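Notes to accompany the following structure.
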Amino acid sequence: MSSEDRARTDLLPANASYESVSEQVSSIVLKKPTPRSWKFSFLIGLLMLQALLLGIGWLFAYGVGIWGINIPIGWGLAIVNFVWWIGIGHAGTLISAILLLLHQEWRTSINRIAEAMTLFAVACAGLFPLLHLGRPKLFYWLIPYPATTDMWPQFRSPLIWDFFAITTYATVSLIFWYLGMLPDLATMRDRAQSHFIARIYGVLALGWRNSARHWHHYQKLYLLLAGLATPLVVSVHTTVSWDFSVGIVSAWHSTVFPPYFVGGAIFSGFAMVLLITIPLRRVYDVKDLITETHLDKMAKIMLASGMTVSYGYLMDAYQAWYLNEPYDSYIYTNRFSGPYDYCYWALILCNCVIPQALWFPAVRRSTLFLFGISLCIQVGMWLERFIIITLSLHRDHLPSDWAMYYPTIWDWALLVGTGGLFLILMLLFLRLLPSISMSEMRELVHQKGGSNP
Amino acid sequence: MIPPDPRLSSTAAASEAHESGPLFGLLAQFSSDTELIEATHTLYADGYRALDAFSPFPLEDLSDALHLRRSLVAPIVLGGGILGGISIYALEYWVNLFAYPLNVGGRPLHSWVSFIPPAFECIILLGALAGAGGMLLLCGLPRLNHPVFEVEAFRRASTDAWFLCVQSEDAQFDSEMTRQSLLNAGAQEVWDVPAIEA
């Protein structure tokens with residue numbers, strides 16, 4: 001068996017044809033009945049979404065005082081959740097843009113799902129800074145526009161850089177995702193049985209007709225967008241890390257922040273892609289399109305980025321020791337032996353110890369283990385942000401200021417609620433749009449010498 | 001007189017229906033990507049220029065067969081990026097030095113280092129937006145309908161069928177002659193594409 005043959009059997013079913021891959025993906029939306037597990041998950045998602053509505057409603061009525069934040073801990077769960085969600089989004093762009101430029105064929109069947117995940121995670125993330133503003137209705141003050149107040153945003157502040165980074169990321173991700181879907185929306189239009197549904201997909205496909213002239217421009221643009229998205233994805237979490245490292249708060253003021261924030265983002269993002277694709281393979285029976293090889297490769301990237309994150313923790317601690325600066329050293333000692341030490345050791349367990357199991361090929365190919373490890377990583381990455389934000393703030397330079405931070409039910413409501421929002425959006429996407437790129441799958445069949453009709 | 005071709009019979013009814021109306025062109029189906037590329041080469045060599053080919057995924061050889069010129073998408077993206085970068089930097093400069101000068105810890109008003117992150121983001125943003133708009137514009141999209149959709153078999157073009165369309169605006173176009181050229185080039189079936197109101 002040559003390596004070429006093996007690649008074909010690993011990434012595609014043995015008898016894959018243009019028709020079979022198109023049918024397998026489009027029938028999920030057009031023909032198959034909605035699975036029970038989908039309906040059940042949707043119900044759970046709706047219930048969780050109520051927590052978001054309630055949490056936001058209560059916040060609008062009473063203000064940020066309902067949260068656990070105080071002085072000195074002005075950045076509580078809202079910012080923890082923001083950084084966590086935005087990090088999750090990063091794997092989507094990595095899969096769709098960077099792996100495209102590196103000619104990694106295995107990205108083909110998971111890129112659409114990952115891109116959708118990015119969009120929805122950014123949507124969840126974007127809520128938090130706005131809600132944290134205190135006066136959310138004035139969010140548009142972030143936009144530089146000629147206001148009658150004659151005031152302008154401060155371009156020397158990382159917070160405005162963040163605003164630019166997040167809006168650009170959301171917009172470019174949307175363009176990349178939607179344009180990537182154009183040919184597939186055309187396929188959906190042509191395969192729809194009812195005239196009405198064909199019209200909906202027809203409008204969404206913007207009149208795409210698979211002309212060589214279309215493909216000619218489209219291919220070029222898709223590559224260029226991948227080229228633009230690659231530095232963008234690195235810049236987004238770098239900018240997020242500048243929100244911390246440009247300040248002088250102890251243990252925030254560190255140059256290792258940008259690379260290890262980006263590493264952590266990829267780490268949690270791939271964990272989220274696995275959390276989505278593992279149940280998807282089961283429910284929609286696409287195990288031959290999203291194969292064990294795909295899971296294996298994602299697990300490897302997760303392991304590599306996990307090592308980057310562990311290195312970041314080590315370097316962070318080393319810096320604090322090497323600088324011999326009392327405040328930084330204190331914050332570090334406080335991390336692993338202070339009042340929140342259980343968070344720190346849980347973080348080490350979830351992010352550094354448990355992912356080591358991914359060295360074993362058997363673990364990388366076991367969906368159960370992968371699912372469990374991915375869940376641990378999500379918890380670990382959330383704790384990482386909690387530790388960075390809360391622990392540096394709660395014991396700052398003035399001991400008379402020291403305080404503890406305990407999130408209230410309203411803090412948790414927003415975390416649970418955005419989880420619901422993410423779940424609902426993801427489920428609607430899986431139900432209504434082609435979740436695997438059919439045109440790229442056909443191209444893959446073609447490259448592997450697939451069957452002609 | 002061209003001898004009657006059995007493959008033409010199925011389309012006879014269809015062509016009759018549109019006989020009164022003007023034609024947009026002729027649409028021919030081929031059995032594989034290689035045959036479509038070959039036929040495109042043949043028709044191009046015959047002097048046809050108003051050609052369009054359709055395939056369910058991008059084929060570089062097909063673009064070559066149609067002699068498509070380098071796509072203008074790249075310069076459009078570059079233009080958008082340059083516009084975005086220059087305009088946001090100009091805005092930052094004007095805001096910080098003239099419209100709303102603020103002394104923050106004695107740092108210079110023109111802190112160019114901190115102007116770079118927004119400028120970088122806007123280069124990407126405007127580049128991507130210009131690229132998306134430019135690509136659609138170059139493709140003549142979005143549009144709600146197109147004559148080729150009038151042919152029922154064209155539905156398969158987005159799954160596993162290969163089509164070549166010769167448009168009637170071509171100087172050489174002659175309904176019968178062109179049909180014969182397409183059949184000679186290996187077409188499985190040829191349809192009349194009626195012109196529709198845009």
Side-chain angles (χ1 to χ4, degrees), chain A residues 17-19 22-23 144 146 150-158 160-161 164-165 167-169 171-172 175-176 178-179 183 186-187 189-191 202-203 206-221 224-225 228-229 231-232 235 239 242 438-440 442-443 446 452-453, chain B residues 31-33 52-60 62-63 65-66 68 71-74 77 81 88 91-92 95-96 99-100 102 104 107 111 114-115 117-118 120-122 124-125 127-129 131-132 134-136 138-146 148-149 154-161:
Chain A
S17 67
Y18 304 135
E19 166 65 21
S22 309
E23 174 65 17
D150 262 348
M151 289 198 293
W152 290 87
Q154 180 50 259
F155 283 106
R156 284 173 292 182
S157 157
I160 196 81
W161 305 346
F164 275 90
T167 34
T168 301
Y169 191 43
T171 315
V172 173
I175 293 175
F176 204 53
Y178 187 73
L179 289 185
T187 305
R189 168 196 70 203
D190 295 343
R191 296 180 78 86
V203 170
L206 306 178
W208 182 265
R209 50 182 193 277
N210 298 291
S211 153
R213 291 169 197 277
H214 291 182
W215 285 121
H216 185 60
H217 300 301
Y218 176 86
Q219 283 285 85
K220 188 92 185 174
L221 179 71
L224 285 170
L225 282 181
L228 288 175
L232 175 65
S235 84
T239 311
W242 281 334
M438 291 182 276
S439 66
E440 287 182 27
R442 288 191 293 260
E443 210 177 347
H446 180 71
N452 276 330
Chain B
S31 62
S32 72
D33 51 324
D52 202 356
F54 305 88
S55 63
F57 49 85
L59 287 168
E60 231 167 85
L62 197 55
S63 304
L66 286 168
L68 295 182
S71 173
L72 281 175
V73 165
V77 170
I88 191 72
L91 179 74
E92 288 176 298
V95 164
N96 268 40
Y100 199 57
L102 261 186
V104 182
R107 287 173 184 80
S111 306
S114 40
F115 292 176
F120 173 79
E121 302 297 338
C122 285
I124 306 267
L125 180 67
L129 283 172
M135 187 273 283
L136 290 177
L138 290 171
C139 290
L141 299 176
R143 56 183 295 165
L144 288 171
N145 205 354
H146 191 270
V148 288
F149 290 126
F154 192 72
R155 276 162 165 265
R156 300 296 297 179
S158 58
T159 303
D160 55 6

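Just so it is clear: chains get the letters A, B, ... in the order the sequence lines come, proteins before strands, and each one is counted from 1. From a predicted model like this one, the values you see are computed outputs, not experimental measurements.
Residues satisfying the side-chain hydrogen bond (donor to acceptor under 3.5 Å, both in side chains) test with A/S235, not counting sequence neighbours, are B/E121. B/L129 pairs by the side-chain contact (heavy atoms from CB on, under 4.5 Å) definition with A/T171, A/I175, B/L125, not counting sequence neighbours.
For B/R156 and A/D190, the salt-bridge test fails: no basic side-chain N is under 4.0 Å from an acidic carboxylate O.
Residues B/F149 and A/R189 are in side-chain contact: their nearest non-hydrogen atoms beyond the backbone lie under 4.5 Å apart. Taking 4.5 Å as the limit, every side-chain heavy atom of A/N210 sits out of range of all side-chain heavy atoms of B/S55. In this structure the side chain of A/Y18 never reaches within 4.5 angstrom of the side chain of B/P56, judged on heavy atoms. Side-chain contact between A/H216 and B/L138 is absent, with no heavy-atom pair separated by less than 4.5 Å. Using a 4.5 Å cut-off on side-chain heavy atoms (C-beta onward), B/P117 and A/W242 make contact. At least one side-chain heavy atom of B/L59 sits less than 4.5 Å from a side-chain heavy atom of A/H446. Contact check for B/L62 versus A/W215: no side-chain heavy atoms found under the 4.5 Å cut-off. The shortest side-chain heavy-atom distance between A/P144 and B/L91 falls under the 4.5 Å cut-off.
Contact record, A/W152 with B/A99: NE1-CB, 3.6 Å, taken as the closest heavy-atom pair. When all heavy atoms are compared, the tightest approach of B/A128 to A/V172 is CB-CG2, 3.8 Å. Residues A/A212 and B/S63 approach most closely at O-OG, 4.3 Å, considering heavy atoms. Taking every heavy atom of both residues into account, A/L228 and B/G127 meet most closely at CD1-C, 4.0 Å. Residues A/R156 and B/R107 come closest through the heavy atom pair NH1-O, 3.6 Å. When all heavy atoms of A/H214 and B/C139 are compared, the pair lying nearest together is NE2-O, 3.3 Å.
The environment of CG in B/L68 is crowded: more than 12 heavy-atom neighbours from other residues, nucleotides or ligands sit within 6.0 Å. Counting non-hydrogen atoms of other residues, nucleotides and ligands closer than 6.0 Å to CD of A/Q154 gives a total above 12.
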Q: Could you go through the side-chain contact (heavy atoms from CB on, under 4.5 Å) check for B/F54 and A/R209 one step at a time?
A: CA-CA 7 Å; B/F54 305 88; A/R209 50 182 193 277; 4.1 Å; yes
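Neither the backbone nor the side chain of A/P158 has a heavy atom closer than 4.5 Å to any heavy atom of chain B. Using a 4.5 Å cut-off between heavy atoms, A/T239 contacts chain B through its side chain alone, with no backbone atom that close. At a 4.5 Å heavy-atom cutoff, the contact between B/L102 and chain A is made by backbone and side-chain atoms alike. Both the backbone and the side chain of A/L221 come within contact range of chain B, with heavy atoms under 4.5 Å apart. Contacts of A/T187 with chain B are made by both backbone and side-chain atoms, with heavy-atom separations under 4.5 Å. Of the atoms belonging to A/M151, heavy atoms from both backbone and side chain fall under 4.5 Å from chain B.
A/H217 and B/S71 are linked by a side-chain donor-acceptor pair at a separation below 3.5 angstrom, with hydrogens and angles left out of the test.
Distance check, rounded to the nearest 0.5 Å: CD of B/E92 to CZ of A/F164 gives 6.5 Å. If you take OG1 on B/T159 and CZ on A/R191, they are separated by 4.0 Å, rounding to the nearest 0.5 Å. How far CE of B/M135 is from CG of A/L225: 8.0 Å, rounded to the nearest 0.5 Å. Here the CG-CH2 distance, from B/L136 to A/W208, works out to 9.0 Å after rounding to the nearest 0.5 Å. We find the OG-CG distance between A/S211 and B/L141 to be 9.0 Å, quoted to the nearest 0.5 Å.
Ranked by non-hydrogen atom pairs under 4.5 Å with chain A, the options B/V95, B/L72, B/V148 are led by B/V95. For the set B/F154, B/F120, B/F115, the entry with the most heavy-atom pairs within less than 4.5 Å of chain A is B/F120. Between chain B and the options A/W161, A/Y178, A/F176, A/Y169, the largest number of non-hydrogen pairs under 4.5 Å is found for A/W161. Among A/R213, A/E440, A/E23, the residue with the largest count of heavy-atom pairs under 4.5 Å with chain B is A/R213. Interface summary for chain B: among A/R442, A/M438, A/E443, the most heavy-atom pairs under 4.5 angstrom belong to A/R442.
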